[in-house]
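Here is the structure we will look at, set down as structure tokens.
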Amino acid sequence: QVQLIESGGGLVQAGGSLRLSCAMSGSTLSSYAMYWFRQAPGKEREFVSAINWIGSATDYKDSVKGRFTISRDNARNTVYLQMNSLKPEDTAVYYCAADRSSRYVIDYSRENEYDYWGQGTQVTVSS
């Protein structure tokens, strides 16, 4: 059984930093592209960042470019999202997802077809 477990969320003041982790168990992380999405209360889930299977390609939502950095450690079966200069509008539940089909070429438009999703971790940024 494959599981994705997110951690690292919490409450932080505006301008602060958090690092989210997403650990995969039951499979090999290098077989998947990895994605971060988020969902704020009353809003639809939205793409945040993605990384291909080996970490040679990444993508970001425009509003987080220059502030967030996605990375992965395939040896540890873990993907990370370093979030700096956080803003109140970053407040949301953050989810990681794994997708085998897009492992070479990131494709955040096929989120409903991803193989696995984590349970989410809450990020709250106070002003």
Side-chain angles (χ1 to χ4, degrees):
Q1 180 183 1
V2 178
Q3 287 188 307
L4 297 176
I5 305 294
E6 299 101 334
S7 61
L11 174 64
V12 64
Q13 289 188 331
S17 298
L18 286 173
R19 188 176 82 153
L20 305 184
S21 299
C22 172
M24 172 179 278
S25 63
S27 189
T28 303
L29 192 76
S30 59
S31 296
Y32 303 88
M34 296 299 296
Y35 297 81
W36 287 98
F37 282 74
R38 68 187 181 187
Q39 187 167 21
K43 296 188 177 181
E44 292 190 353
R45 186 173 62 193
E46 64 178 6
F47 167 77
V48 175
S49 185
I51 189 166
N52 71 344
W53 73 287
I54 201 170
S56 60
T58 59
D59 198 6
Y60 297 92
K61 176 181 173 63
D62 284 347
S63 64
V64 308
K65 285 180 181 177
R67 300 189 297 121
F68 291 11
T69 303
I70 191 171
S71 62
R72 64 190 298 154
D73 184 340
N74 287 342
R76 296 181 182 270
N77 252 26
T78 302
V79 64
Y80 305 97
L81 186 68
Q82 178 67 44
M83 305 187 296
N84 299 329
S85 302
L86 282 161
K87 304 176 180 180
E89 52 263 43
D90 295 319
T91 295
V93 177
Y94 283 70
Y95 300 90
C96 66
D99 185 44
R100 187 183 295 269
S101 294
S102 62
R103 62 191 179 279
Y104 300 127
V105 181
I106 294 166
D107 183 0
Y108 57 81
S109 69
R110 44 176 278 110
E111 64 179 281
N112 293 329
E113 301 172 52
Y114 292 162
D115 296 298
Y116 306 106
W117 286 85
Q119 83 289 348
T121 186
Q122 176 70 47
V123 171
T124 303
V125 185
S126 63
S127 57

Does atom CD (Glu113) have a neighbourhood of more than 12 heavy atoms from anything else shown, all under 6.0 Å?
yes

Linked, directly or transitively: Tyr60 and Ile106 (ILVMFWY side chains, under 4.5 Å)
no

Phe37-Phe47 aromatic ring centre distance below 6.0 Å
yes

Do Ile51 and Ile54 sit in one hydrophobic cluster, given that two such residues count as connected whenever their side-chain heavy atoms are within less than 4.5 Å of each other, even indirectly?
no

Has Arg72 got a side-chain atom pairing as donor or acceptor with Leu29's backbone, closer than 3.5 angstrom?
yes

Short question: side chain of Asn74, backbone of Trp53 - any donor-acceptor pair under 3.5 Å?
yes

Got a second to check how far Cys96's SG is from Ile70's CD1, nearest 0.5 Å?
9.5 Å

Can Tyr116 be reached from Tyr94 by stepping across I, L, V, M, F, W or Y side chains whose heavy atoms are under 4.5 Å apart?
yes

Does any N or O in the side chain of Thr78 come within less than 3.5 Å of the main-chain N or O of Arg76, such that one atom is a donor and the other an acceptor?
yes

Tyr35 side-chain N/O to Val48 backbone N/O, donor-acceptor pair under 3.5 Å
no

With a 3.5 Å cut-off and no angle check, do the side chains of Ser102 and Tyr114 form a donor-acceptor pair?
no

Considering only distance and modelled atom types, tabulate donor-acceptor pairs under 3.5 Å from the side chains of residues 119-127, sequence neighbours left out.
from: Gln119; atom 1: NE2; to: Glu6; atom 2: O; distance (Å): 3.4
from: Gln119; atom 1: NE2; to: Glu6; atom 2: OE1; distance (Å): 3.4
from: Thr121; atom 1: OG1; to: Gly9; atom 2: N; distance (Å): 3.3
from: Gln122; atom 1: NE2; to: Ala92; atom 2: O; distance (Å): 3.4
from: Gln122; atom 1: NE2; to: Thr124; atom 2: OG1; distance (Å): 3.3

Centre-to-centre under 6.0 Å for Trp36 and Phe68, is that the case here?
no

According to a hydrophobic-cluster definition based on side-chain heavy atoms being under 4.5 Å apart (Ile, Leu, Val, Met, Phe, Trp, Tyr only), do Val12 and Val93 belong together?
no

Just distance, no hydrogens or angles: give the donor-acceptor pairs under 3.5 Å from side chains in residues 81-90, sequence neighbours left out.
from: Gln82; atom 1: NE2; to: Asn84; atom 2: OD1; distance (Å): 2.8
from: Asn84; atom 1: OD1; to: Ser17; atom 2: OG; distance (Å): 2.9
from: Asp90; atom 1: OD1; to: Arg38; atom 2: NH1; distance (Å): 3.0
from: Asp90; atom 1: OD1; to: Arg67; atom 2: NH2; distance (Å): 3.1
from: Asp90; atom 1: OD2; to: Arg67; atom 2: NH1; distance (Å): 2.7
from: Asp90; atom 1: OD2; to: Arg67; atom 2: NH2; distance (Å): 3.4
from: Asp90; atom 1: OD2; to: Lys87; atom 2: N; distance (Å): 2.8

Got a sec: does the OH of Tyr80 have more than 12 other heavy atoms crowding it under 6.0 Å?
yes

Shortest non-hydrogen separation from Lys43 to Gln39 and the atoms involved:
O-NE2, 3.0 Å

When you measure from the side chain of Asp115 to the backbone of Arg100, do you find a donor-acceptor pair of N or O atoms at a distance under 3.5 Å?
yes

Starting from Val105, can I reach Met34 by hopping between I/L/V/M/F/W/Y residues whose side chains sit under 4.5 Å apart?
no

For the CG atom of Asp99 and the OH atom of Tyr108, what is their distance to the nearest 0.5 Å?
14.5 Å

Could you state the interatomic distance from CG (Asn77) to CG (Leu4), rounded to the nearest 0.5 Å?
9.5 Å

Between side-chain atoms of residues 18-27 and protein atoms elsewhere (two or more places apart, or another chain), which donor-acceptor pairs fall under 3.5 Å?
from: Ser27; atom 1: OG; to: Tyr32; atom 2: OH; distance (Å): 3.0

Quick check: does any side chain N or O of Ser49 sit under 3.5 Å from a backbone N or O of Asp59, one acting as donor and the other as acceptor?
yes

